[in-house]
2 protein chains.
Amino acid sequence: MVADLLSACGRSDLGGFDGRVIKKMMQFDLTERERTILAVLIDHYVRTAEPVGSRVIATKYDLGVSPATVRNTLSDLEEKGLIEQPHTSAGRIPTETGYRLYVDRLLKSERLSAPEREKIKRALSIDYSAIEDILEQTSRVLARLTSQLGVTITPKFDQAVLNKVDLVQLTDTRVMVIVAVRSGIVRTILIEVDSNIEVERLRQTAEVLNEKLSGLSLGEIRRTIAERLRAEERGDPQVLKLFMEQHEHMLSESSGEELHTEGTINIISQKEFQNPEKLREFLTLLEERHSLIDLLKIKTFANDITVTIGTEANIEGMKGCSAVTRSYQAGQIRGTVGVIGPTRMEYAKLMSLVDYTAKVLSEILSR
Amino acid sequence: MVADLLSACGRSDLGGFDGRVIKKMMQFDLTERERTILAVLIDHYVRTAEPVGSRVIATKYDLGVSPATVRNTLSDLEEKGLIEQPHTSAGRIPTETGYRLYVDRLLKSERLSAPEREKIKRALSIDYSAIEDILEQTSRVLARLTSQLGVTITPKFDQAVLNKVDLVQLTDTRVMVIVAVRSGIVRTILIEVDSNIEVERLRQTAEVLNEKLSGLSLGEIRRTIAERLRAEERGDPQVLKLFMEQHEHMLSESSGEELHTEGTINIISQKEFQNPEKLREFLTLLEERHSLIDLLKIKTFANDITVTIGTEANIEGMKGCSAVTRSYQAGQIRGTVGVIGPTRMEYAKLMSLVDYTAKVLSEILSR
DNA sequence: GTTAGCACTCTAAGCAATAGAGTGCCAACA
DNA sequence: TGTTGGCACTCTATTGCTTAGAGTGCTAAC
């Protein structure tokens, strides 16, 4: 156990910190013992949720030193801001900085067992008719396997490539615009027209739109639609005009980024949420979807697992919570999956789990 | 106040009880005083969340009788199972039966104020591109105005009338089926075909489907699709076959009944959910969407406000909770909106609020 | 039928005492 | 110089006890 931890101290290839954090990190010149004790302390605290004292560290993990020695080291670690005491007669608990260092440098990366991999693969291999279905299932799987909150976000539409536009007359004054992009996602909006439009004319209008726009990304369309349709003389001018007016609404960067969360129950049974104030804060965060969406979107570019600890993302409600996320790929576009839970979480386990789940999901969606 | 309550005692036109409950109800021959005191007690308890004692009833509400007299009446009401004592030295609180009688016979129906009506109308008058958007908004409005959990359920698809089927080739082996029904709702599924299908052939297949099926309700289609398409010789046989196989999935009775909930935070600050066990139970109910859907669906037929108190609906997690719901209309099809909260809720207020909201929603959706 | 009075019950809050956990520091030791 | 045992000190959590207060049920009188 101790040997494992020691051997793991040098690694830093499990990403998740940006430049700013690295710089901060470099200030910590920890001795071998300090690193070992910090790792042991975090491991133990994550399991028990109780402040860890010197005696436990010295006896339960055979470090070969006495509690008194451990006490000295703990004192040093506290001075460096990596651990803290809730009160004088209690043991130590990790600080945010402590967790950050642990995740970046001390963590021993875990490999998922074959049965676990199998379980994830099987759970995600469902018949889905819309991308939302499989994302919902993914949140559920993550929630169940991790006992945390499972989160997914639908892909960012901006880079999606338009496959086909379709216009359907619903009533005399109502036309439905169906926008299908290449990855099998479809969005619809309704536009209100003044008067009934002939079927043939509507068909022709759709044809014009397809001709001019299909194959372009929605982002491109959003930016250049006015130009592209300006000189167009075929099709129904009213519908074209409305389409242009509505495109902002439909194609806007943030639209369609839907958040799925699953496993709220897991969270409320966690010890840190016994405090009603804390719980309230967290549930508020959950219902204020946009800040969560921001959190998940922020690192969609990275193709690696991302760990956001506490208030690192500058989100009020995340105090005391961490997120482990990773982007997935669906054709040309990307979204994010992950889990959120108390800072006191099993980072190694969750990281490998989220990582694998995102990979399986990408695989399925790219088929 | 008291006069109001007395005058309201005779009314029973605010629906919500079925035959079984009426029968039970008839056993209660309450005296005038008993009715007044029960009403006063419930009103007071709803406001304070504290057991109500004889002194409060006798002094705060000028009934013209002494606490001792009230005590006798309370004792009678307890015998009849309408109120109970948490413990000997506490006041009384209403039982489920007590609430039921109150809602059915004692409640003074409230009329929403003009500003409140205006507020609801304005809040619901949003630009929506999908029915889900306005339902989400409706849950939010209900949650905000009632400080309870706002719930909406998308309309029951079965009675929706098919407007148009569209087939879009996404990749070589993937075809998207778009089903649009008359009220502006659209559903999509993906089917996997063996090989690329010519555009013209796909168009023709869609034409066949439209010709044979549009104008029928999805329920009819579900029941008779095999017959209707059996002898068909036009169109792509493989696509037609897959369409028939998938129709069950897509058109099935329960599919597409999506539940929106909003305002979990309102709930957790309620006094009854301070007990973590209770809270846990409720959140479990929230995540196990299907029993909630059942609860909301059950009385979609009634065109009147429905109050479900505690375990009346035989749902485990509803113990200690009540729901006030009403159906809304979107073209030919119907869904449900409402609020859920602790049994200790302001029934009169919530009933008028949900009622009005459902009406406004129906109006908007039927335009 | 109503009411005042009173004994009784139960809860919630405050208080003191106690046990236990863990620390920090000092002096001794290798 | 780093490590260790010992010990006084601090703080928390638990327990038991007491008390104040709220509310009832019952009885006897009106």
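The structure displayed is predicted, hence computed values, not measured ones. Labels below follow one simple rule: chain letters A, B, ... track the order of the sequence lines, proteins then strands, and each chain is numbered from 1.
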**OP:** Just say parallel, tilted or perpendicular for the rings of B:Phe273 and B:Phe282, cut-offs at 30° and 60°.
**Re:** tilted
Subject >> Nearest-Å distance for atom pair CG/P, residues A:Asp76 and C:dC25 >> reply: 12 Å
Original post:
Judged by modelled atom types alone, do B:Thr343 and B:Glu96 share a side-chain donor-acceptor pair under 3.5 Å?
Top reply: no
Subject >> A:Ile93 CD1 - D:dT12 P separation (whole Å) >> reply: 14 Å
Subject >> For atom CD1 of A:Ile57 and atom P of D:dT3, their distance in whole Å >> reply: 15 Å
Subject >> Listed partners of B:Glu78 passing side chain to side chain donor-acceptor pair (under 3.5 Å), at least two apart >> reply: B:Arg92
Original post:
Just by modelled atom types, is the B:Leu82 backbone N or O under 3.5 Å from a matching donor or acceptor in the B:Thr95 side chain?
Top reply: yes
Original post:
Counting N and O atoms only, with roles assigned by atom type, does the side chain of B:Gln85 sit under 3.5 Å from a partner on the main chain of B:Ala90, one being a donor and the other an acceptor?
Top reply: yes
Original post:
side chain to side chain donor-acceptor pair (under 3.5 Å) with A:Ser352: which residues, sequence neighbours excluded?
Top reply: none
**OP:** May I have the distance from A:Glu84 (atom CD) to D:dC11 (atom P), rounded to whole angstrom?
**Re:** 17 Å
Every protein N/O within reach of nucleotides 22-25 of chain D N/O, cut-off under 3.5 Å:
unit_1	atom_1	unit_2	atom_2	d
D:dG23	O4'	B:Ser89	O	3.1
D:dT24	OP1	B:Ser54	N	3.4
D:dT24	OP1	B:Arg92	NH1	3.3
D:dT24	OP2	B:Ser54	N	3.3
D:dT24	OP2	B:Ser54	OG	2.7
D:dG25	OP1	B:Arg92	NH2	3.1
D:dG25	N7	B:Arg71	NE	3.2
D:dG25	O6	B:Arg71	NH2	3.2

Original post:
Between B:His87 and B:Pro67, who's closer to the 5' end of DNA chain C by nearest nucleotide?
Top reply: B:Pro67
Original post:
CD of B:Glu32 versus C1' of C:dG1: gap in Å, rounded?
Top reply: 17 Å
